[in-house]
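Take a look at the structure set out below.
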Amino acid sequence: MKFVDEAPISVQAGKGGNGCLSFRREKFVEKGGPDGGDGGDGGSVYLEADDSLNTLVDYRYQPRYAAESGQPGRGRNCTGAKGEDLVLKVPVGTTIIDVDTGETLGDMTEAGERQLVAQGGFHGLGNTRFKSSTNRAPRQTTHGTEGEMRSLKLELKVLADVGMLGLPNAGKSTFIRAVSAAKPKVANYPFTTLVPNLGVVQVQKHRSFVIADIPGLIEGAAEGAGLGIRFLKHLTRCRVLLHLVDLAPFDGSDPVENARAIERELSTFSPTLAGRERWLVLNKTDLVPAAELEERCQAVVDALGWEGPVFRVAAIRKEGTDALGGRLMDYLEERQEIEARDPDLAVAELEAQRQMQREARERIEELRQSHRAKRKAAKGQVDDDEDWDDDDDHDVDVEYRS
């Protein structure tokens with residue numbers, strides 16, 4: 001199936017039912033009077049997180065949704081039926097954005113979480129509501145109010161503690177296969193990975209974390225080249241990033257320049273994301289002669305001026321991967337304990353994630369506008385309905401395994 005991580009939709013809550021104008025008329029009953037009932041409330045629209053979903057593809061093909069309207073009131077003080085609420089299921093990790101205001105309405109991070117996105121209309125009042133000692137036969141009623149209508153943008157960002165980035169063929173998919181039960185496609189050509197892959201790394205019993213692998217970045221990715229720019233936003237929820245560097249590129253390129261290229265693309269895409277905790281992972285050490293390994297690794301570290309953690313692994317042989325997984329687990333648990341003791345840090349972390357997502361959203365929108373302008377200039381016509389990344393929905397199987 002197609003992996004779709006963005007979808008614009010419109011939702012319409014139900015209209016409230018009108019109040020009824022009615023008077024009691026019964027044979028052999030001396031006194032009548034008003035008996036018009038109220039209308040029913042309109043149904044509201046909710047979004048609910050469902051962990052059985054992993055794509056927004058359904059919303060790409062059906063973008064309009066409406067809840068049921070309330071029924072009008074009836075005589076004999078009968079209240080109209082309430083409109084049924086509409087509950088739309090979305091994958092866990094979906095962010096809900098109001099297109100008109102730019103406001104983030106909700107962030108669905110837990111299965112079963114529910115968010116109101118369109119409030120149903122309020123019911124109208126029947127004429128019974130207006131009777132009084134001075135108004136014995138009221139003819140006043142009120143109409144039900146219109147339900148709320150909203151244009152929304154759904155953005156899916158995978159929920160992972162650790163994210164990997166690097167050039168195509170840096171060994172990211174091999175690494176995730178080595179540390180988890182996930183089995184992403186691995187081949188000796190670039191762009192084997194077309195969509196994000198998730199894997200659960202179990203260090204010990206009851207100690208595990210989720211790692212994400214996204215398509216590789218290339219030079220110019222921040223300007224729209226390749227696939228990686230589209231999926232970089234999936235790293236905005238990660239607490240730590242692993243920067244994988246191939247020590248023995250098959251094309252003979254320089255590992256140092258390859259690492260610098262990734263840093264430039266990351267900074268251009270989102271300065272906040274570029275400033276996240278990042279660990280350097282020097283991969284494919286098994287392909288480097290033992291006599292040259294130390295020198296080559298140190299050359300990369302010195303050239304980058306790297307001051308953070310550095311790891312050497314041979315992912316295909318699972319050399320060094322267990323030690324790296326253990327260090328990651330310790331770091332994540334330490335961060336959780338620190339934030340639990342200091343709520344201000346937890347708030348700051350949430351704000352940092354939101355800032356990264358805003359920067360990612362703005363950058364992607366800039367690329368869309370630039371792409372539209374170039375395409376219109378080439379065609380010599382205006383077509384506002386076209387979207388730069390519509391063709392990037394890949395018709396591939398998506399499997400998230402633990």
Side-chain angles (χ1 to χ4, degrees), residues 158-204 207-218 226-228 231-232 234-235 237-251 253 255 258-259 261-263 265-266 276-288 293 296-297 300-301 304 306 308-332 398-402:
V158 297
L159 296 179
D161 305 297
V162 179
M164 293 189 294
L165 67 158
L167 290 176
N169 275 94
K172 300 184 298 299
S173 296
T174 303
F175 182 86
I176 200 173
R177 289 170 68 102
V179 299
S180 74
K183 301 299 179 185
K185 183 177 180 180
V186 174
N188 60 349
Y189 55 83
F191 297 114
T192 311
T193 301
L194 299 178
V195 297
N197 293 296
L198 293 182
V200 177
V201 181
Q202 186 169 8
V203 178
Q204 294 175 349
R207 295 184 72 214
S208 63
F209 61 88
V210 180
I211 188 169
D213 167 30
I214 67 169
L217 300 177
I218 62 174
L227 297 173
F231 297 105
L232 266 177
H234 291 280
L235 300 181
R237 296 185 189 271
C238 299
R239 296 302 183 94
V240 58
L241 303 178
L242 298 183
H243 184 170
L244 268 72
V245 177
D246 184 354
L247 289 177
F250 71 93
D251 58 358
S253 58
N258 292 343
I262 295 299
E263 289 189 327
E265 298 304 324
L266 202 60
R276 294 291 273 181
E277 178 74 17
R278 189 151 41 100
W279 295 2
L280 184 63
V281 181
L282 304 177
N283 191 24
K284 302 185 183 180
T285 57
D286 55 315
L287 299 181
V288 180
L293 180 59
R296 193 174 298 188
C297 291
V300 175
V301 173
L304 295 177
W306 195 270
V310 181
F311 298 88
R312 304 176 186 181
V313 302
I316 197 168
R317 297 185 178 183
K318 299 185 179 181
E319 295 177 2
T321 56
D322 290 342
L324 176 53
R327 285 284 300 277
L328 286 169
M329 189 75 259
D330 293 339
Y331 173 81
L332 294 171
V398 181
E399 296 186 19
Y400 286 178
R401 301 184 183 181
S402 60

### Summary
Residues Ala170 and Asn283: closest non-hydrogen pair is O-ND2, 3.0 Å

### Query
Knowing that exactly one of Val179, Val210, Asp161 qualifies, which makes a side chain to side chain contact (heavy atoms under 4.5 Å, CB included) with Val200?
Val210

### Message
Closer than 3.5 angstrom, by distance alone: can the side chain of Arg312 be matched with the main-chain N or O of Leu293 as a donor-acceptor pair?
### Response
no

### Query
Looking only at heavy atoms, what is the nearest atom pair of Arg239 and Glu277, with distance?
O-CB, 3.9 Å

### Query
Between CG of Leu198 and CD1 of Ile176, what distance do you get to the nearest 0.5 Å?
7.0 Å

### Task
Could you check Leu328 against Leu242 for side-chain contact (heavy atoms from CB on, under 4.5 Å), going step by step and ending with a plain yes or no?
CA-CA 10 Å; Leu328 286 169; Leu242 298 183; 4.0 Å; yes

### Task
Can you sort out the partners of Arg296 under side-chain hydrogen bond (donor to acceptor under 3.5 Å, both in side chains), two or more places apart, ordered by chain and number?
Glu292

### Task
Taking all non-hydrogen atoms of both residues into account, name the closest pair between Leu235 and Gly163 and its distance.
CD2-CA, 3.7 Å

### Message
Run the side-chain hydrogen bond (donor to acceptor under 3.5 Å, both in side chains) test against Arg237 and tell me which residues pass, sequence neighbours left out.
### Response
Thr95, Asp107

### Query
For Ser253, does its backbone N or O pair with a side-chain atom of Asn258 as donor and acceptor, under 3.5 Å?
no

### Task
Could you pull out the closest heavy-atom pair between Gly199 and Ser180, with the gap in Å?
CA-OG, 3.6 Å

### Message
Regarding Asp246 and Lys284, does a basic nitrogen lie under 4.0 Å from an acidic carboxylate oxygen?
### Response
yes

### CA sep, side-chain torsions, deciding dist, call: Leu332, Arg207, side-chain contact (heavy atoms from CB on, under 4.5 Å)
CA-CA 10 Å; Leu332 294 171; Arg207 295 184 72 214; over 6 Å; no

### Task
Could you tell me which residues satisfy side chain to side chain contact (heavy atoms under 4.5 Å, CB included) with Ala259, sequence neighbours excluded, listed by chain and number?
His243, Val245, Leu304

### Task
Heavy atoms only: give me the nearest Val203-Gly326 pair and the separation to one decimal.
CG1-CA, 4.2 Å

### Query
Where do Leu247 and Leu287 land on the side-chain contact (heavy atoms from CB on, under 4.5 Å) test, with the steps shown first?
CA-CA 8 Å; Leu247 289 177; Leu287 299 181; over 6 Å; no

### Message
Does Leu282 form a side-chain contact (heavy atoms from CB on, under 4.5 Å) with Leu280? I'd like the steps, not just the answer.
### Response
CA-CA 6 Å; Leu282 304 177; Leu280 184 63; 4.0 Å; yes

### Task
First locate atom CG of Leu324, then atom CZ of Arg327, and finally report the distance between them rounded to the nearest 0.5 Å.
8.5 Å

### Task
Please tell me if the side chains of Val281 and Met164 come closer than 4.5 Å, counting only heavy atoms from C-beta onward.
no

### Message
Once rounded to the nearest 0.5 Å, what's the spacing between atom CD of Glu263 and atom CG of Leu165?
### Response
9.5 Å

#### Entry: Minimum heavy-atom distance between Gly325 and Phe209, given as atom pair plus value
O-CE2, 3.5 Å

#### Entry: Separation between OG1 of Thr285 and CZ of Arg317, rounded to the nearest 0.5 Å
8.5 Å

